[in-house]
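When reading the values below, keep in mind they use all heavy atoms of this one structure, side chains included, and skip hydrogens, waters and symmetry mates.
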Amino acid sequence: MIKLKKNLIYQLLFALCIAVTYLNNYELTFVVWSLTAVLTLKQRYSSTILFYIFIFTSILGIAFISAFFNEFLQYNYFRDVSYLLKPVIGLLLGYNLCRNEDIKPFHTIVYTGLFIAVIHLCIIAYSIVVYRVLNIHELRHYGGYFSDFEVYSLLLIIYSDRFKLNFSKNRKLIILSILLISSFLYVSRTNFLQFLIFWMAMSGYFKINKRSLKVIGSFIVFIILLYTALFNMKFSRNGSGMEAFWFKVKNAPIEAFKSKVNKENWEDFNDNYRSYEKIVTLKQVGETNVGIVLGKGLGSTVDLRREVWTNDGEFMRYLPTLHNGFITIYLKAGLVGIALYILFLFYLCKLPKTQDDYITQINLLLLGTGIFLFLSSWVLLGLYYKTENKSIIIGFIICYREMMIKRERLKTGSKNLFY
């Protein structure tokens, strides 16, 4: 009879909960996450993870209260409950699955990312051979639009010495190559931004000093020069190859921040759709003072005043969620909800300094996560995106960080490793 070690069971459950998000079926993700979270409940939780869970529970509570002031469809109401519960379940789930040090959290993340990367490359190869797909738009349609999790795995491999991942040189090279190729083939601006932010975080460039100011200053100059060059070049939005990617990069600075969009002009509407969502939402939620403060609550939708195709292949006019995470929270829970979300990001970035180098590396990883979440929430849904899995990663790493702190305190006999 084959006996599975308890750690292996939790590693497999972690991989399952991450992998299920790539199926783009939120109902299935919600069921798998919820069941796993319940089955792995712990008797005790730290004040840190309870504080994070309290923040997202409060956002749900505000949306519940503000719903009494508005009308809604029953289906939309219960759908919003499940959407707003997602970060709560994810944080709890990640924390539960990191049961003890023997689970090797960073090894688990790397091998899970490797598994996803191999599947992605197989899908890409199949699409090219069977469907003769060579256009970037079609490749992304079949293979996926981005993969935040693979970038985490990639960063851990690059900084494997810092995270005590004792891979042989050959194994490290193979894993690194697979993750690099797979991550690149998403041709995702979000993933490139994520990699850059994490690299800067791990390099210590977010700590204010002369060195970091020089690097950040040089980077800003480079970005200005790059966009100056891009704005003077013509790219087709429907181009193949890297032309399509450079068109999206060129359009990125104004795509989500434009203050006026002509919905009758197809090019303006299509290129700046995220801005249009924001403009319409701010106007409709701002019709009442209660809406501004507490949002429109569970079940609320935004009327786009025209039907659009969604990534799910639906033709919709009334949207329950928007691309912008902050604006979606504003729709459901108003300015109070946004303040709570920013509070979560602040505390995720503002972890106590420590004298232990290994815990410092974990802190830098969470710092990169917080900064990336803040920026990516402007163009995606943040922790509320239906294929999002960073809430699991955060809960997973927070639990491991606390175990490392406890271990070092026992080893040194010190009551406090922080200053």
Quiz prompt | Between CG on residue Leu35 and CZ on residue Phe30, distance to nearest 0.5 Å | solution = 9.5 Å
Practice problem: Please step through side chain to side chain contact (heavy atoms under 4.5 Å, CB included) for the pair Tyr126 and Tyr142, ending with a clear verdict. | Solution: CA-CA 10 Å; Tyr126 182 82; Tyr142 286 104; over 6 Å; no
Quiz prompt | All pairs passing salt bridge (charged side-chain N to carboxylate O under 4.0 Å, His left out) where residues 170-188 contributes a residue, at least two apart | solution = none
Self-check item: Donor-acceptor under 3.5 Å (Glu150 side chain, Ser182 main chain)
Solution: no
Practice problem: Determine yes or no for a side-chain-to-main-chain donor-acceptor pair under 3.5 angstrom, with Asn324 supplying the side chain and Glu277 the backbone. | Solution: no
Practice problem: Give me the ring orientation class for Tyr95 and Tyr45: parallel if the planes are under 30° apart, tilted from 30 to 60°, perpendicular past 60°. | Solution: tilted
Quiz item: Do you know the tightest heavy-atom contact between Arg274 and His323?
Solution: NH2-CD2, 3.4 Å
Quiz item: Considering only heavy atoms from C-beta outward, does the side chain of Pro320 approach that of Asp80 to under 4.5 Å?
Solution: yes
Quiz prompt | Distance in Å, Asp161 CG paired with Gln361 CD, rounded so as to fall on 0.5 Å steps | solution = 10.5 Å
Exercise. With the side chain counted from C-beta on, respond yes when Phe206 and Met200 share a heavy-atom pair under 4.5 Å apart, and no when they do not.
Key: yes
Practice problem: Examine distances only and state if a side-chain atom of Asn272 and a backbone atom of Ser275 form a donor-acceptor pair shorter than 3.5 Å. | Solution: no
Practice problem: Verify, without hydrogens or angle tests, whether Arg162 (side chain) and Met202 (backbone) share a donor-acceptor contact under 3.5 angstrom. | Solution: yes
Quiz item: Closest heavy-atom contact between Tyr22 and Ser147?
Solution: OH-OG, 2.6 Å
Quiz prompt | Separation between CG of Leu93 and CG of Asn389, rounded to the nearest 0.5 Å | solution = 10.5 Å
Quiz item: Between the side chain of Glu388 and the main-chain N/O of Leu381, is any donor-acceptor distance below 3.5 Å?
Solution: no
Quiz item: Do side-chain atoms of Lys332 reach the backbone of Leu60 as a donor and acceptor pair under 3.5 angstrom?
Solution: no
Quiz item: Under the side chain to side chain contact (heavy atoms under 4.5 Å, CB included) criterion, do Leu304 and Tyr318 qualify, and how do the steps go?
Solution: CA-CA 6 Å; Leu304 295 179; Tyr318 299 93; over 6 Å; no
Exercise. Taking all heavy atoms of Ser34 and all of Ile89, pick out the closest pair and write down the distance.
Key: OG-CD1, 3.5 Å
Quiz item: Is the shortest heavy-atom distance from the side chain of Trp33 to the side chain of Thr21 under 4.5 Å?
Solution: yes
Quiz prompt | Heavy-atom side-chain proximity of Cys98 to Arg401 below 4.5 angstrom | solution = no
Exercise. Mind listing the closest non-hydrogen atom pair of Ser46 and Glu402 along with its distance?
Key: OG-OE2, 2.6 Å
Quiz item: With side chains defined as the heavy atoms from C-beta onward, is the minimum distance between Leu92 and Leu41 less than 4.5 Å?
Solution: yes
Quiz item: Is there a donor-acceptor pair closer than 3.5 Å between any side-chain N or O of Ser66 and the backbone N or O of Leu294?
Solution: yes
Quiz item: Within a reach of under 6.0 Å around CG of Asn170, are more than 12 heavy atoms found that belong to other residues, nucleotides or ligands?
Solution: no
Exercise. Would you please indicate yes or no on a ring centroid separation below 6.0 angstrom for Tyr159 and Phe198?
Key: no
Quiz item: Under 30°, 30 to 60°, or over 60°: which ring-plane class applies to Phe344 and Phe56, parallel, tilted or perpendicular?
Solution: perpendicular
Quiz item: CZ of Phe51: more than 12 outside heavy atoms within 6.0 angstrom?
Solution: yes
Practice problem: Report yes if the side chains of Ile158 and Leu176 come closer than 4.5 Å at any heavy-atom pair, otherwise no. | Solution: yes
Self-check item: Main-chain N/O of Leu97 paired with Thr40 side-chain donor or acceptor, under 3.5 Å
Solution: no
Quiz item: Leu373 and Lys390: which non-hydrogen atoms are nearest, and at how many Å?
Solution: CD2-CE, 3.6 Å
Exercise. Could you give me the CA-CA distance, side-chain angles and deciding distance for Tyr152 and Thr369, then say whether side-chain hydrogen bond (donor to acceptor under 3.5 Å, both in side chains) is met?
Key: CA-CA 9 Å; Tyr152 273 97; Thr369 300; 2.7 Å; yes
Quiz item: Does any donor atom in the side chain of Asp357 or Thr360 lie under 3.5 Å from an acceptor atom in the other side chain?
Solution: no
Quiz item: When rounded to the nearest 0.5 angstrom, what distance separates CD1 in Ile157 from CG in Leu114?
Solution: 8.5 Å
Self-check item: Residues in side-chain hydrogen bond (donor to acceptor under 3.5 Å, both in side chains) contact with Tyr358, at least two apart in sequence or another chain
Solution: Tyr400
Quiz prompt | Audit row: Lys296, Thr301, side chain to side chain contact (heavy atoms under 4.5 Å, CB included) steps and yes/no | solution = CA-CA 8 Å; Lys296 298 182 72 175; Thr301 57; over 6 Å; no
Quiz item: Taking C-beta and beyond as the side chain, do Glu408 and Gln355 meet within less than 4.5 Å on heavy atoms?
Solution: no
Quiz item: When you measure from the side chain of Thr354 to the backbone N and O of Asp356, does any donor-acceptor pair fall under 3.5 Å?
Solution: yes
Quiz item: For Lys42, does the NZ atom have more than 12 heavy-atom neighbours from other residues, nucleotides or ligands under 6.0 Å away?
Solution: yes
Quiz item: What do the steps show when you test Arg189 against Phe146 for side chain to side chain contact (heavy atoms under 4.5 Å, CB included), and what is the final call?
Solution: CA-CA 8 Å; Arg189 295 169 297 174; Phe146 61 92; over 6 Å; no
Exercise. Taking ring-ring contact (aromatic ring centres under 6.0 Å, His included) as the test, write out the residues that go with Phe64, two or more places apart.
Key: Phe68
Quiz item: If you round to the nearest 0.5 Å, how far is NZ of Lys278 from CG of Leu331?
Solution: 15.5 Å
Quiz item: Are Val20 and Tyr26 side-chain neighbours, meaning at least one heavy-atom pair lies under 4.5 Å?
Solution: no
Quiz item: Between Ser160 (side chain) and Phe167 (backbone), is there a donor-acceptor pair under 3.5 Å?
Solution: no
Quiz item: Are Asn191 and Ser183 close enough that a side-chain donor and a side-chain acceptor fall under 3.5 Å?
Solution: no
Practice problem: Sort and list the pairs that fulfil side-chain hydrogen bond (donor to acceptor under 3.5 Å, both in side chains) and have at least one residue in residues 371-383, not counting sequence neighbours. | Solution: Tyr341-Ser377
Quiz prompt | Separation between NZ of Lys386 and CD of Glu27, rounded to the nearest 0.5 Å | solution = 7.5 Å
Exercise. Grab the two heavy atoms, one from Leu345 and one from Gly370, that are nearest each other, plus how far apart they are.
Key: CD2-O, 4.0 Å
Practice problem: Could you tell me which residues satisfy side-chain hydrogen bond (donor to acceptor under 3.5 Å, both in side chains) with Thr190, sequence neighbours excluded, listed by chain and number? | Solution: none
Quiz item: With Phe14, which residues qualify under ring-ring contact (aromatic ring centres under 6.0 Å, His included), at least two apart?
Solution: Phe396
